[in-house]
Amino acid sequence: MRRTGRGVAALAVVVPLLLTGVAACGSGSGTGDGDVTITFVWWGSDGRANLTKKAVELFQQKNPKIKVQTSFSAYAAYWEKLATQTAGGKPPDVLNVDTRYLAEYGGRGVLADLNQGAGKAVSLADVNPELAATGVYQGKRYAVPWAQNTPAMIYDPAAFTAAGADPAEGLTWQQYADATRKVSAASGFSARGTTDFGILDTTLEIWLRQQGKQFYTPAGKLGFAADDLRRYWQLASGFRDAKGASPADVTASYNTSPEQAPLGKKLTSSEFAYDNLLPAYQKANGKPLKVAPYPSDKAGDTGQYRRPSMFLAVSARSAQQEAAAKLVDFLVNDAEVGKIVGTDRGLAPNLKVRAQLAGSATGNDKTLYDFEAALEPKLGAAPPVPPKGAGAIQKLLQRTYEEVAFGRMSIDDAVNRFMTEAEKGLS
Amino acid sequence: MTTVRTPDPPLAPATVRPRRRDRPGRRRKSQPEAFAFLTPWLLGAVALTVGPMVVSLYLSFTDYDMFTAPDWVGFGNFTHMFTDDDRYLQSVKVTLIYVLVSVPLKLTVSLLVAMLLNTRRGANGFYRAAFYAPSLLGASVAAALVWRALFMGGGPVNEALAFFGWHTPSWVDDPQFSLASIVLLGVWQFGAPMVIFLAGLKQIPAELHEAAAIDGAGALRRFRHITLPMLSPVIFFNLVMEAIHAFQAFTPAFVIGGGRGGPADADLFYTLYLFEVGFQDFRMGYASAMAWVLLVVIAIVTAIVFRTAKLWVFYDDAEGMGERR
């Protein structure tokens, strides 16, 4: 019968792959004189795909003996596909990794240590050392940052100016609360001042950093206590109760892609995200949006940091590590590539390339270069690599806060549930 | 045990059928050819179904993250499921509600529509096709996406209800309504059981209804005492198929629930949680254990339905109405 359990069906796909994959593993690893083919996968949208393909074409022109097969998917689907491919013993040669999954893949021996062997061909000489360090987990360099971004607020300047606030100047949380309430009222409460940030793990992280705490300790445990989370959720709920932040059903529709986020759908006038997403938000929302630092009660300390927006990594099982490392080095350090991909993923990781591009940048590219240049002295080091299970913690935070937003659970109960389940998940 | 058969057309006179004692000989003779023809299927079944099932049974007793070798944990996965995993219990609850609400609703709607269409009026062909079309879409992502667009905040359903003064939140994003919107999608795709009901209705001899009508039985009485009993084998078949189907619902919940079980886990279907555990959280051993529990539960539910069938399924021995063994 075809309708056996879906999980069984899924395994039916995975297991044969596994069996054939294990056999294929032992086969040759030479990169002789002949042409080699490597596979390269990343996540993103069509627009990003066009830019990335152009960069790959340039690489092939300069390295005629290496053929690169590319494919991409949306963020969530990317991880499901990658897990299956990896389990099947046929991981891509070059792949994108997110900081939330670096420990998952690196710690389980799926990624090659780029400090060893062929990986040494990847030069990080011109990359900010603090940014470069984000790809190191338990002493091994599993990945190199392909771009730098920073968590930031994206907002509609017209709406906030009308409410008498200028987020670009840096607001306190109280000023931000007042402004969002006014923005909501000005729209007759149809578009709220901000997207309820109680569900966002990045925003919680930045807020914790403003309190001198961290989300995860270097040992991979939670870096905050129940009381911290309670105060954070009280802050967020204050925005919602005052109708400054989105109502529960709008918050629940939040999806990481700007097109499907409340700000992208014009249901709110500001949202916490990453600065490099500004053009995507603008396109979805239709208004000339701007990017601003996080609100903070300590002048000059917004808690923001240099974040590796996306890593490049080489599979430990790749038979073509030399060619793979060559591609990674090219994408990170080539000036032409920097020009082609622009700020789609964030700023160029290579500081020389970045300086060169900053001079000639226009439009949104210029906005982002200027924004991060102004912030640069205030940006802190990125937090330690999140532990295995960080992806699940993000979803846990969203889920438990939704219980609060829909009024199905008190903040205290939700905090207890989060702490218990998070500690279970991280043990 | 009783088996359900689609009504046989009166093929050949019974005397032509091989007598029981002839059968073993015939079987032996046709063996080599039969196996030759079966080979491709056998290979597929062993490599793609039996093999993986054996492996997944093994994995269900292990802790397996897909990248490193599985660790034997015995019944650990199974005890964790029932004693220490609130989300598992939530997924069981959501799935049971879905099965208990959507299956009876779907069967009722499909029977009613089948009876409406069981006449010889001109436009019926069109309506049959039109009502069947949604179930051709089956578990498609497109149908679920359309459903999400229909029932989301500011969507047509929302606006229409607001027009009549009933202000609802976004159906698909509110834990109070989101499961209901998925039940509605399931019920809307009633075409497959409807077509089977239609076939069953055609098999009911018109004389029975005529005779009852002459005796003074009204429409409701005839429905209760003729249509329902005569249709009971078909109802039984549809019930079993739809229940199995409902236990395994995945795509609508995946798409409508935003790929994460919906707001506050309101759409966390069993298969969805299984998928999440296996492919997003890298706990393939636990996912395998969940799959086996689901298989066993479906088997038990099906067995119970089969057992109770004796009480309410009526097999007529008249020509062409199935057979009793």
Side-chain angles (χ1 to χ4, degrees), chain A residues 1 3-16 18-19 76-77 79-81 83-84 86-88 91 101 104-105 107-110 190 247-255 260 265 267 388-389 391-392 395-396 398-406 408-409 417 420-421 424-425, chain B residues 47-49 51-53 55-56 59 64-68 84 86-87 152-154 168-178 241 244-245 247-248 250 258-266 268 270-272 274-282 284 287-295 298:
Chain A
M1 187 178 314
R3 290 170 173 173
T4 34
R6 205 166 278 268
V8 177
L11 283 164
V13 177
V14 174
V15 173
L18 188 77
L19 297 174
W79 295 106
E80 287 147 17
K81 203 166 144 189
T84 322
T86 311
Y101 291 90
E104 210 92 52
Y105 281 84
R108 287 177 173 139
V110 176
S190 63
D249 61 329
V250 170
T251 312
S253 77
Y254 175 86
N255 178 309
Q260 290 170 50
K265 290 192 286 190
L267 295 171
K388 286 174 197 165
K395 287 182 279 177
L396 171 64
Q398 180 171 9
R399 205 162 60 230
T400 37
Y401 183 70
E402 276 169 358
E403 300 276 4
V404 175
F406 281 108
R408 289 155 41 117
M409 205 184 261
R417 179 187 280 193
T420 323
E421 287 192 28
K424 236 192 276 175
Chain B
L48 298 173
T49 308
M53 280 181 77
V55 175
S56 94
L59 289 179
Y64 176 50
D65 66 11
M66 300 175 79
F67 306 138
T68 45
D84 202 24
D86 291 341
R87 292 193 82 204
M152 70 182 185
T168 53
S170 169
W171 280 52
V172 288
D173 296 312
D174 191 293
Q176 231 186 316
F177 294 94
S178 59
M241 295 310 287
I244 292 176
H245 197 58
F247 267 112
Q248 297 172 359
F250 176 82
R260 62 185 181 95
D265 274 352
L268 188 69
Y270 194 95
T271 49
L272 193 59
L274 191 158
F275 175 79
E276 188 181 315
V277 165
F279 289 92
Q280 294 176 354
D281 300 346
F282 311 102
M284 201 43 93
S288 301
M290 282 185 67
W292 278 92
V293 171
L294 180 63
L295 192 76
I298 291 179

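As the structure is a computational prediction, the values presented were derived from the model and not from experiment. Every chain is numbered from 1, with letters handed out A, B, ... down the list of sequences. Quick note: numbers below take in every heavy atom, side chains included, and nothing from hydrogens, waters or symmetry partners.
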Is there side-chain contact between B/Leu294 and B/Ile298, with heavy atoms separated by less than 4.5 Å?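 Answer yes - side chains close enough.
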
Looking at A/Glu421 and B/Arg87, does any basic side-chain N land under 4.0 Å from a carboxylate oxygen?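 No salt bridge links A/Glu421 with B/Arg87.
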
Got a salt bridge between A/Arg108 and A/Glu104, using NZ or NE/NH1/NH2 to carboxylate O under 4.0 Å?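 Yes.
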
Tell me, out of [options], who's got the most heavy-atom pairs with chain A below 4.5 Å.
| options | result |
| --- | --- |
| B/Asp281, B/Asp86, B/Asp174, B/Asp173 | B/Asp173 |
| B/Ser170, B/Gly154, B/Gly259 | B/Ser170 |
| B/Pro175, B/Ser178, B/Gly262, B/Gly258 | B/Pro175 |
| B/Asp265, B/Val172, B/Thr68 | B/Asp265 |

Please look at B/Phe67 and chain A and tell me whether the side chain, the backbone, both or neither of the residue comes under 4.5 angstrom of a heavy atom of that chain.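 For B/Phe67, heavy atoms of backbone and side chain both lie under 4.5 Å from chain A.
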
Using heavy-atom distances under 4.5 Å, tell me whether [X] contacts chain B through its side chain, its backbone, both, or neither.
| X | value |
| --- | --- |
| A/Tyr401 | neither |
| A/Arg417 | neither |
| A/Ala83 | both |

So does A/Glu80 get a backbone contact from the side chain of B/Gln280, meaning a donor-acceptor N/O pair under 3.5 Å?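 No, the answer is negative, given that no donor and acceptor are paired below the 3.5 Å cut-off.
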
Apply side-chain contact (heavy atoms from CB on, under 4.5 Å) to A/Lys424 and list each qualifying residue two or more places apart in sequence or on a separate chain.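 Only B/Asp84 meet the side-chain contact (heavy atoms from CB on, under 4.5 Å) criterion with A/Lys424.
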
Between chain B and each of A/Ala77, A/Ser253, A/Ala405, count heavy-atom pairs under 4.5 Å; write down the option with the most.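 When all of A/Ala77, A/Ser253, A/Ala405 are compared, A/Ser253 has the most.
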
Taking all non-hydrogen atoms of both residues into account, name the closest pair between B/Met53 and B/Trp292 and its distance.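 Nearest pair, atom of B/Met53 first, then B/Trp292: O-CZ2, 3.3 Å.
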
Quick check for you: to the nearest 0.5 Å, what is the distance between B/Trp171 atom CH2 and A/Asp249 atom CG?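 Separation between the atoms: 13.0 Å.
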
